[in-house]
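Starting off with a structure, shown below.
Residue numbering restarts at 1 for every chain, and letters A, B, ... go by the order of the sequence lines.
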Protein chains: 2
Amino acid sequence: MSLRHAILGLLAENPSSGYDLMKRFETSLAFVWPAKQSQVYGELARLSEAGLIEVTGTGARNRREYGITDAGRAELRDWMIGPGSEAAYRSPALLRVFFLWTLQREEGAAYLQEFARRNKARHAFLESLRDGAEWRGDPVQVCEWLALEFGIRASQSSGDWAEWAAEQLTEHL
Amino acid sequence: MSLRHAILGLLAENPSSGYDLMKRFETSLAFVWPAKQSQVYGELARLSEAGLIEVTGTGARNRREYGITDAGRAELRDWMIGPGSEAAYRSPALLRVFFLWTLQREEGAAYLQEFARRNKARHAFLESLRDGAEWRGDPVQVCEWLALEFGIRASQSSGDWAEWAAEQLTEHL
DNA sequence: GAGTACATGTAAAGGGTTACATGATTGG
DNA sequence: CCAATCATGTAACCCTTTACATGTACTC
């Protein structure tokens, strides 16, 4: 149940409303732990009931700001230092690679080239995020930067692989 | 709904029982599209009812072998050449990186070093698979090899990143 | 005044995980 | 004969996705 810990982590940074959290799930966390609006509000209610977060303020338009409680901080820490639950990585894109032999050679190569193109686009996007940001060097931002760098390297590696794979497919199929 | 297409792809290769498929989901597809036993049998029933697969033989211990039908092959092809549904990548490991600032510097560095260790282990494992296999060069195997190579490069890249990140954390936090 | 962004809530459906449940066959 | 493996089925629970539903405040 990592959505719960994602919310706790975000609230450990600063108090936020469901709407604020939702925006962060759509932006900075989009490639790491995407979450929908309905999920966020549901989990906030559950966390609040469990005493891991609490309402710390209200604002216009029915806005409710939540802050993390001491119990919430303890729960977050337990999860952070606990045993790493495994990836359970599911990739429809890679699954198709397994079945590329069911297509014609040119179709398969085209698929891999499209895969390469997308990864290059993502790579360029992530690099632009890194290069466009103002790096103040506070701990929160350092961690964001590390995660961002992961994405940059991963998209680079995936893009390179896909170009190579398209060549291999043309040669060996 | 990619489980459905994973099963169709495997059955396009050769007729198999639920048990056979389950084994493949635990081995070759484990890092790409893992699936549980209960899922496999359920989906087989649904695919059979939809006419995308059919029972092609029976064996000892109540074994039922399914084969893909022409309708199933058409469905598989539609999915293969259709628009790529996006990743929806969820990584608890990377999520923690986002919140590493909540730990002490040494704890964070230790986490990243453990991350590096795991990726190196996976890298070694995947390389041993590649180097231990008998490569006959048939189309099915070429595709498996391409996917395997993806995993090798990804684990390499992740491991390198984690080592680098541990250093950065020590320096910049 | 209209459109956009802010703000929250819930219900239904789909897919994945865990657990229970059962039985047949093979190999040592 | 006993254990491991082969083989299937299903129920409950949890999480995610999609969709519907509603209302407020700001800006042009």
- Item | Polar contact flag, side-chain donor to acceptor under 3.5 angstrom, B:Ser17-B:Arg64 | no
Are any of A:Arg90's side-chain N or O atoms less than 4.0 Å away from OP1 or OP2 of D:dT16? no
- Task: Taking A:Ser48 for its side chain and A:Ala45 for its backbone only, find out whether a donor-acceptor pair lies under 3.5 Å.
- Result: no
Inset, instruction - Please determine if B:Arg63 and B:Glu65 form a salt bridge, counting it only when a charged side-chain N lies under 4.0 Å from a carboxylate O. - result: yes
Per nearest nucleotide of DNA chain D, the residue lying toward the 5' end, A:Ser2 or B:Met22, is B:Met22
Under 3.5 Å: donor-acceptor pair, side chain of A:Tyr41, backbone of A:Tyr19: yes
To the nearest angstrom, the CD-C1' distance between A:Glu26 and C:dA7 comes to 13 Å
Here the distance between atom C1' of C:dT25 and atom CZ of B:Arg63, to the nearest Å, is 13 Å
Distance under 6.0 Å and angle within 45° of the ring axis: does B:Arg4 meet both against B:Trp79? no
Practice item. Dump the intermediate steps for salt bridge (Lys or Arg N to Asp or Glu O under 4.0 Å) on B:Arg96 and B:Glu107, then the final yes or no. Key: CA-CA 12 Å; B:Arg96 286 190 208 195; B:Glu107 292 175 320; over 6 Å; no
Note: contacts of residues 29-57 of chain A with DNA chain D (heavy atom, under 4.0 Å) are A:Trp33, A:Lys36, A:Gln37, A:Ser38, A:Gln39
Taking every heavy atom of B:Trp161 against every heavy atom of B:Leu112, the minimum-distance pair comes out as CH2-CD2, 3.8 Å
B:Asp20 CG to D:dC6 P, in whole Å, measures 9 Å
Salt bridge between B:Glu167 and B:Arg105, side-chain N to carboxylate O under 4.0 Å?
no
In numerical order, the residues of residues 4-17 of chain B whose heavy atoms come under 4.0 Å of DNA chain C are none
Result for 5'-nearest mapping on DNA chain D, choosing between A:Leu3 and A:Ala60, is A:Leu3
Taken to the nearest whole Å, OH/B:Tyr89 to C1'/D:dT16 is 18 Å
Atom OH of B:Tyr66 and atom P of D:dA7 are separated, to the nearest Å, by 13 Å
Does D:dA25 have OP1 or OP2 under 4.0 Å away from a side-chain N or O of A:Arg61? no
Rounded to whole Å, the NZ-C1' distance (A:Lys23 to C:dT8) equals 13 Å
A:Arg24 CZ to C:dC6 P, in whole Å, measures 16 Å
Relative to A:Trp135, does A:Arg130 satisfy both conditions: NZ or CZ under 6.0 angstrom from the six-membered ring centre, and within 45 degrees of the ring's axis?
-> no
A:Arg64 atom CZ is separated from C:dT8 atom P, nearest whole Å, by 6 Å
